[in-house]
Amino acid sequence: MFNQLPTELTLSVLSFLDLSCISVLPLVCKSWKYLIDENESTVYHRLAARCGYIHSTAVVFNQLPSLYSAKSLASVTNWKSFCQRRVHISKSWVGKASSHYVSYPSSGSKVHRIKVDEKAGIIITSFRDGGLCVSDLTDNQVLWSLPKPYVKQFAHLEYGEGFLIFDRPGGDKEVWRLASDYTSTTVQSKIHPDQVNVSEEAFYGHAATYPQGHFKPWAVLKMPIATSAFRFVYPTLLVGARDHAFLWDIPSCKLTQTITPIQEPEDPSSAFAVVLSSAPPFDAAIPRLGRLGNLNYVDVDHKHVFICGVSALRVFSRATGKCILDVPSARQEFGSRKFSVLYESERQTKGAVLVNHYADGEVLDVSSSSRLRIIDEFIAVHVSSCGRHLVAMLASSRVVIIENFQSGPSSLYNRMVHIQLGLVQSRSKYLAIHNDHVAVANNNGLFIFSLSAVLEPRVNPSTSLSRSLVISRAPFFGYHLYMSNLTCLQLSDTGLYLNWDPSYLEFCHEDEDEQGRLHALFRMSATDREIRHFRTPTGDMIIMLDEGMAMAACSKHAAYFTYS
């Protein structure tokens, strides 16, 4: 039938097939083989566009290095191998294809924060005892560094589009830019003399590697008041203070917007405010928003500011400066669907470092939802790449996903998902998101899941929640002592990066007894659903997080990720 159609029309039909179908067609008959062989580039070029690997067929093959890193394009020589590479990477993220561990000793020891630019081929690290290092992803060598006396201890790093930002003693923020991207458009008055001096020393100390991985000073931003958490999403740097959110445009070094107050919005009854009460129903408003408390984490995109405080997760509109969403942290359930990771897993794929575990799902009716308050706190939040969904992490190994968070109060409870990753009392450590992949580190282990897979039952209500979600886990990252010391987790297109002891990882590879111990620890965390707690005179439940450490709502230092 198809061989009677014009070639262009046949190729148009083929563009709706996936890679597995197209790879089988040449085996069907000689005419199919001839058609695909003769038009291979066109077939796979259109497939790449339909699958979203490129924006459109207007993208030519030679443009791929500007869109993907060398790691992403390994062994890619044409459109066919490009599509095959993308499929392999996607399968690796869900434990269905090979993956492996790699250590980067050149990045230094006592690592505190990590930033990765796979397109530039660099890893940037700061350290617990001070200093900053830029290493090569391929050759594992130091390319550039700043000394310990200059970069303070436990410096927080932010990075994007070639701009590197870290905090100075006193709270001001330093901005540097990749030497390869550097222009003279910066306002020279924004550059501090200390930056110039240390930049010259860094250049001469690493002249042999210039310009790869080298940075030049761009600015020192003076903060109006004492600040804490900050987050950079190009071109905007969001800096949180007690009752302010400052937004800086980094290319121009200008403070472009200030949102205040953030602790108690000026008009809690505003039509712009979607307020969730601390007990069901979710869509009921309370007379006055509670105070946000100490800031734990912030995020930003071109439309919104996201702030995690001790008592709530709050979202502000950049257009109006008003609070549009307020989610108190003292809840037992966060939405109509709840998943809990199980010990039972799929058969591990040969060559894959990830194990896929089933999740036990249940539907919760808002009318029967418990009114019990659990004193907890949001410690991290990220917005999805499409800007429509929120992924937030509570201190007690719980993740909350809010689908279409801008859609207002109607059916909000039904658009929220709650995922429990092991023991409730096990501390959460870090949250990262890249495209469709979400990674969570807690004292139970290291987990990865697909955001679209979590939302699938909502898209298709007929889908059963029983084992409908699969959560991947990296088994060798289950030692709770090391996990409790983890301070950073980063996701990229082809990898997940974290600070870890490579000698212990090698030991796990070789010692079957240690592997058995790690499996036993995870089995205990996945099967123990008991919540160890004590009750306050008001009846509220305070979870005993790890080793009997209680987290109280009134604590002044309850945040686990604060940036000074």
Side-chain angles (χ1 to χ4, degrees), residues 7-8 10-23 35-93 97 99 115-124 134 136-139 143 159-164 177-183 185 210-215 232-236 250-251 301-302 384-387 433-437 452 490-497:
T7 300
E8 182 60 30
T10 302
L11 294 178
S12 178
V13 172
L14 292 181
S15 68
F16 290 92
L17 302 179
D18 58 27
L19 181 64
S20 61
C21 292
I22 292 177
S23 62
L35 176 69
I36 293 177
D37 287 348
E38 286 294 304
N39 299 278
E40 181 180 273
S41 181
T42 300
V43 168
Y44 287 99
H45 189 192
R46 291 181 176 183
L47 176 65
R50 187 183 66 79
C51 293
Y53 303 150
I54 55 176
H55 299 303
S56 71
T57 52
V59 177
V60 298
F61 184 77
N62 290 339
Q63 292 177 305
L64 289 181
S66 66
L67 303 175
Y68 290 92
S69 69
K71 286 172 66 67
S72 298
L73 298 176
S75 303
V76 171
T77 57
N78 51 37
W79 284 114
K80 179 179 180 180
S81 58
F82 171 68
C83 290
Q84 290 172 333
R85 175 65 173 160
R86 296 312 306 167
V87 170
H88 178 86
I89 291 173
S90 297
K91 288 184 175 180
S92 295
W93 278 116
S99 54
K115 289 295 176 181
V116 178
D117 185 340
E118 286 192 346
K119 289 176 67 176
I122 57 175
I123 302 177
I124 309 166
V134 181
D136 183 84
L137 264 175
T138 304
D139 298 333
L143 301 172
Y159 177 85
E161 299 298 325
F163 287 97
L164 171 66
R177 191 172 188 181
L178 273 175
S180 57
D181 298 339
Y182 197 85
T183 66
T185 57
Y210 184 84
Q212 186 184 8
H214 283 234
F215 285 81
F232 177 53
V233 178
Y234 183 85
T236 303
I250 290 303
D301 67 6
H302 66 288
S384 63
S385 58
C386 65
I433 184 171
H434 181 79
N435 294 333
D436 190 44
H437 306 120
S452 59
Q490 296 291 300
L491 276 177
S492 69
D493 184 45
T494 67
L496 184 154
Y497 300 81

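For the single chain, residues carry numbers from 1 onward in sequence order.
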Expected list for residues 52-67: side-chain donor-acceptor pairs under 3.5 angstrom, two or more places apart:
| from | atom 1 | to | atom 2 | distance (Å) |
| --- | --- | --- | --- | --- |
| S56 | OG | A58 | N | 3.2 |
| Q63 | OE1 | V60 | N | 2.8 |
| S66 | OG | Q63 | O | 2.6 |

Would you check if S81 and V76 make a side-chain contact, meaning some heavy-atom pair closer than 4.5 Å? yes

Student check: side-chain heavy atoms of L137 and V116 closer than 4.5 Å: yes

I need the T138 OG1 to K71 NZ distance, nearest 0.5 Å. 7.5 Å

Quick one: CG on D117 to OH on Y159, what's the gap to the nearest 0.5 Å? 3.5 Å

Would you say K119 has more than 12 foreign heavy atoms packed within less than 6.0 Å of its NZ? yes

Minimum heavy-atom distance between G160 and F232, given as atom pair plus value: O-CE2, 3.4 Å

Can you find a heavy atom in the side chain of L47 that is under 4.5 Å from one in the side chain of R50? yes

Has the side chain of N435 got a donor or acceptor atom that lies under 3.5 Å from a matching backbone atom of H437? no

Do you know which two heavy atoms are closest between E118 and S69, and how far apart they sit? O-CB, 3.2 Å

Output the distance between atom SG (C83) and atom NE2 (H88), rounded to the nearest 0.5 Å. 15.0 Å

Shortest non-hydrogen separation from T494 to W93 and the atoms involved: C-CZ2, 4.0 Å

Rounded distance (nearest 0.5 Å) linking atom CD1 of I89 with atom OG of S99: 12.0 Å

Grab the two heavy atoms, one from L178 and one from A120, that are nearest each other, plus how far apart they are. CD1-CB, 4.4 Å

Taking the six-membered ring for Trp, are F163 and Y234 parallel (under 30°), tilted (30 to 60°) or perpendicular (over 60°)? parallel

Look up atom CG in L143 and atom OH in Y210, then write down how far apart they are to the nearest 0.5 Å. 13.5 Å

Considering only heavy atoms from C-beta outward, does the side chain of Y44 approach that of L19 to under 4.5 Å? yes

Residue pair K80 / E40: nearest heavy atoms and the distance that separates them: CD-OE1, 3.6 Å

One pair to check against side chain to side chain donor-acceptor pair (under 3.5 Å): Y68 and D493. What are the steps and the verdict? CA-CA 8 Å; Y68 290 92; D493 184 45; over 6 Å; no

Give a yes or no on whether the backbone of T42 and the side-chain of N39 come within a donor-acceptor separation of less than 3.5 Å. no

When rounded to the nearest 0.5 Å, the distance separating OG of S385 from CG of D436 is 7.5 Å

Partners meeting side-chain hydrogen bond (donor to acceptor under 3.5 Å, both in side chains) with H45 (sequence neighbours left out): none

Hey, does R86 have a side-chain heavy atom less than 4.5 Å from the side chain of S72? yes

Shortest non-hydrogen pair, F215 vs L164, comes out as CE2-CB, 3.6 Å

